[in-house]
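Because the structure is a prediction, the values reported are computed rather than measured.
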Amino acid sequence: MTRRSCAIYGVGIVCASLLIIGIGLVVTQVFQTLIHNRLKKEITLTEGSRVFETWKNPPPPVFMQYFFFNVTNPDEFLVGAKPIVSQVGPYTYREYRPKENVTFVDNGTRVSAYQPKTFVFLPERSVGDPDYDMITTINIPAVAVMNKVKDSFWKSSMVSIWMNSLHVGMLMTRSVNELLWGFKDPLLSRIHPMNPEIDEYFGLMYKKNGSNDGEFVYHTGEEDFMNYGRVATFRGESELSLWTSEQSNMINGTDGSAFHPLLSKTERLYIFSPDLCRSIFMEFEKDVKVKGLPAYRFTPPRDVLASKEENPANEGFCVSPKECLGTGLLKVSVCRKGAPVVMSFPHFYLGDEKYSNTIEGLDPVREHHQTYLDLNPTTGVPIRASKRAQINILINRISENVHLNPNVNRIKCFVQTVVIDDVSAAKLHKLLLTVMLVSNSPLVLVGLGAILLPVFIGLIVCEYKQKATLYTLTTRATLPPLHSNH
């Protein structure tokens with residue numbers, strides 16, 4: 001065998017080997033399985049893992065924006081007219097939320113932590129000075145007290161007398177700072193000596209700057225990557241005892257800061273929210289990109305806050321038949337010391353139109369009022385998020401002297417946003433590039449085999465032509481000369 005023939009056979013063997021091995025690895029997804037198994041081991045809440053330090057102290061800045069609804073027709077509203085409101089804001093705060101007292105429990109399969117939240121005002125991102133900007137809104141302490149005593153003629157009469165003597169009405173005008181962080185309320189101060197459990201101070205975020213929601217215990221994800229970051233217990237309990245059904249009291253999902261890797265578009269993501277006193281779910285909406293990073297956008301569908309008629313599973317969130325509101329609302333009095341607090345999305349987005357139609361000045365728009373999570377599907381890392389909610393007060397017929405129309409009155413809405421920082425984005429880009437190269441390495445073998453294939457074919461063709469030419473010359477050389485008849 002000539003050296004040329006050996007080269008042809010060698011190229012053919014190498015080409016066939018590359019194609020067979022490469023195609024085999026692509027079909028069996030060996031390398032993809034290896035890199036996915038590696039991700040499952042590295043994305044765990046364990047010391048030294050790739051994500052543990054960033055889980056304890058998230059580097060991306062979190063911004064909390066507060067918007068208030070200012071009642072612009074207070075006199076007319078108090079005698080039963082339709083309220084007219086204007087939205088004032090944002091008042092923006094940088095939110096710091098490191099995890100503290102991080103301790104491994106249950107033989108290292110779970111980790112407990114507290115998450116204190118601290119808020120720092122950012123004037124450059126705000127519309128005004130919260131110390132001086134005044135808001136006219138529902139007098140929440142007065143409504144809460146009247147709601148509490150409405151079934152007792154004597155108690156309600158006494159509260160009415162106190163309110164008149166203190167010149168306290170159903171509306172109040174307070175600064176943004178007072179509404180958020182607290183003020184000494186005259187009516188509560190009158191009640192406090194008789195009932196020390198009632199605080200003299202009121203604020204929507206009163207005592208929440210520097211506080212935490214309680215102890216969370218999380219699954220580390222070592223035993224099952226699908227449990228990564230999932231809440232095991234909250235305040236020492238594996239389920240709530242607030243609602244009327246087992247399903248409603250379940251603590252499902254994560255706290256919204258971590259999700260398992262290798263996300264699917266078909267799965268539901270559950271999040272436990274202490275603000276809502278319940279778990280909610282989100283579903284895939286669309287593919288997006290953030291800073292060049294691919295992400296799946298998950299959003300809560302209408303079913304989450306649907307009425308029991310639309311979604312029978314939500315009947316468990318009705319503590320009593322009277323507590324059942326329409327689609328888009330959730331009464332959370334059970335975890336607000338009995339105050340008639342109702343949660344919704346801003347401007348009653350995804351809610352029944354009857355709620356937004358009873359107030360002039362509301363305009364629910366998906367782009368401005370939708371809650372969403374943009375998660376990288378390979379790692380489960382949140383790369384952008386926007387949590388949007390609205391706090392409302394339910395006003396019932398509470399006194400013959402009060403002529404307010406029974407409705408749900410908005411107090412404020414808030415928007416909590418976070419976008420992955422540039423340093424973390426660069427690290428994630430690098431990781432995703434590594435995952436892509438390793439997962440697609442069999443395609444390199446297929447590509448090399450595909451490149452060698454035409455070379456191999458070309459060599460065979462050349463060899464064939466050379467042999468054909470040599471055969472022709474040899475044949476001519478061996479033929480006897482032709483003699484003329486002349």
Side-chain angles (χ1 to χ4, degrees), residues 66-89 91 127-128 130 132-150 156-157 159-180 183 185-188 202-204 322 325-326 328-329 331-333 336 339-349 351-364 369 389-414:
Y66 295 102
F67 298 83
F68 292 85
F69 293 101
N70 187 50
V71 179
T72 59
N73 64 333
D75 295 335
E76 294 81 359
F77 172 60
L78 287 173
V79 294
K82 182 178 181 179
I84 301 173
V85 299
S86 61
Q87 182 172 288
V88 182
Y91 296 90
V127 297
Y132 297 101
D133 291 357
M134 308 302 288
I135 303 294
T136 299
T137 187
I138 289 295
N139 189 335
I140 303 175
V143 172
V145 171
M146 292 295 289
N147 188 69
K148 198 81 172 177
V149 301
K150 65 182 180 181
S156 59
S157 298
V159 169
S160 295
I161 293 171
W162 285 346
M163 290 177 64
N164 289 330
S165 65
L166 295 169
H167 304 289
V168 172
M170 298 307 292
L171 291 179
M172 62 179 176
T173 300
R174 294 281 178 176
S175 71
V176 169
N177 253 353
E178 288 178 316
L179 289 174
L180 277 178
F183 61 92
D185 183 76
L187 181 59
L188 297 180
F202 168 81
L204 296 168
K322 292 182 179 180
L325 302 175
L329 303 182
K331 191 175 182 182
V332 292
S333 302
R336 293 293 189 276
V341 178
V342 175
M343 300 298 294
S344 69
F345 293 116
H347 291 237
F348 301 117
Y349 171 70
D352 287 339
E353 288 187 4
K354 64 181 180 181
Y355 296 119
S356 57
N357 288 342
T358 57
I359 302 127
E360 190 173 327
L362 299 186
D363 183 23
H369 304 135
Q390 181 172 295
I391 298 176
N392 312 277
I393 297 298
L394 182 63
I395 301 176
N396 294 308
R397 184 78 174 178
I398 54 181
S399 171
E400 292 300 323
N401 298 321
V402 179
H403 302 286
L404 300 181
N405 286 327
N407 61 26
V408 179
N409 208 284
R410 306 95 11 256
I411 301 300
K412 70 158 186 172
C413 60
F414 61 86

Is there a side chain to side chain contact (heavy atoms under 4.5 Å, CB included) between Thr137 and Phe68 once you walk through the steps?
CA-CA 9 Å; Thr137 187; Phe68 292 85; over 6 Å; no
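- The NZ atom of Lys82 lies 8.5 Å from the CD1 atom of Ile359; values are rounded to the nearest 0.5 Å.
- Interatomic distance, Tyr66 OH to Phe414 CZ, rounded to the nearest 0.5 Å: 7.0 Å.
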Full working for ring pair (Phe, Tyr, Trp, His ring centres under 6.0 Å) between His347 and Phe67
CA-CA 11 Å; His347 291 237; Phe67 298 83; 8.8 Å; no
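- Ser344 and Gly328 get closest at one heavy-atom pair: CB-O, 3.2 Å.
- The CG atom of Leu187 sits 7.5 Å away from atom CG of Asn139, with the distance rounded to the nearest 0.5 Å.
- A distance-only check finds a donor-acceptor pair linking the side chain of Asp185 to the backbone of Leu188 [under 3.5 Å].
- Ser356 approaches Leu362 most closely through the heavy-atom pair CA-CD1, 4.0 Å.
- Enclosure of atom CD in Glu353 is not indicated, since only 12 or fewer non-hydrogen atoms of other residues, nucleotides or ligands lie within 6.0 angstrom.
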Apply side chain to side chain contact (heavy atoms under 4.5 Å, CB included) to Ile391 and Val341, showing your working.
CA-CA 7 Å; Ile391 298 176; Val341 178; 4.0 Å; yes
Between Phe202 and Leu204, does a side chain to side chain contact (heavy atoms under 4.5 Å, CB included) hold up when you go through it step by step?
CA-CA 7 Å; Phe202 168 81; Leu204 296 168; 4.1 Å; yes
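- Under the 30°/60° scheme for interplanar angles, the aromatic rings of Tyr355 and Phe348 are found to be tilted.
- Separation of atoms CG (Leu171) and OG1 (Thr136) is listed at 7.5 Å; rounding is to 0.5 Å.
- Residues Arg174 and Pro186 approach most closely at NH2-CD, 4.1 Å, considering heavy atoms.
- The two atoms that bring His369 and Phe345 nearest to each other are O-CB, 4.3 Å, heavy atoms only.
- Going from atom CE of Met172 over to atom CD1 of Ile135 covers 10.5 Å, rounded to the nearest 0.5 Å.
- Closest heavy-atom contact between Thr72 and Ser86: CG2-OG, 3.8 Å.
- In plain terms, the two heavy atoms of Val127 and Gly89 that are nearest each other are CG1-O, 3.1 Å.
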Please evaluate residues Met163 and Met170 with respect to the criterion side chain to side chain contact (heavy atoms under 4.5 Å, CB included), reporting the C-alpha separation (whole Å), side-chain torsions for both, the decisive distance (0.1 Å), and the verdict.
CA-CA 9 Å; Met163 290 177 64; Met170 298 307 292; 3.9 Å; yes
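- For the atom pair CG (Asn177) and CG (Asp133), the distance works out to 9.5 Å, reported to the nearest 0.5 Å.
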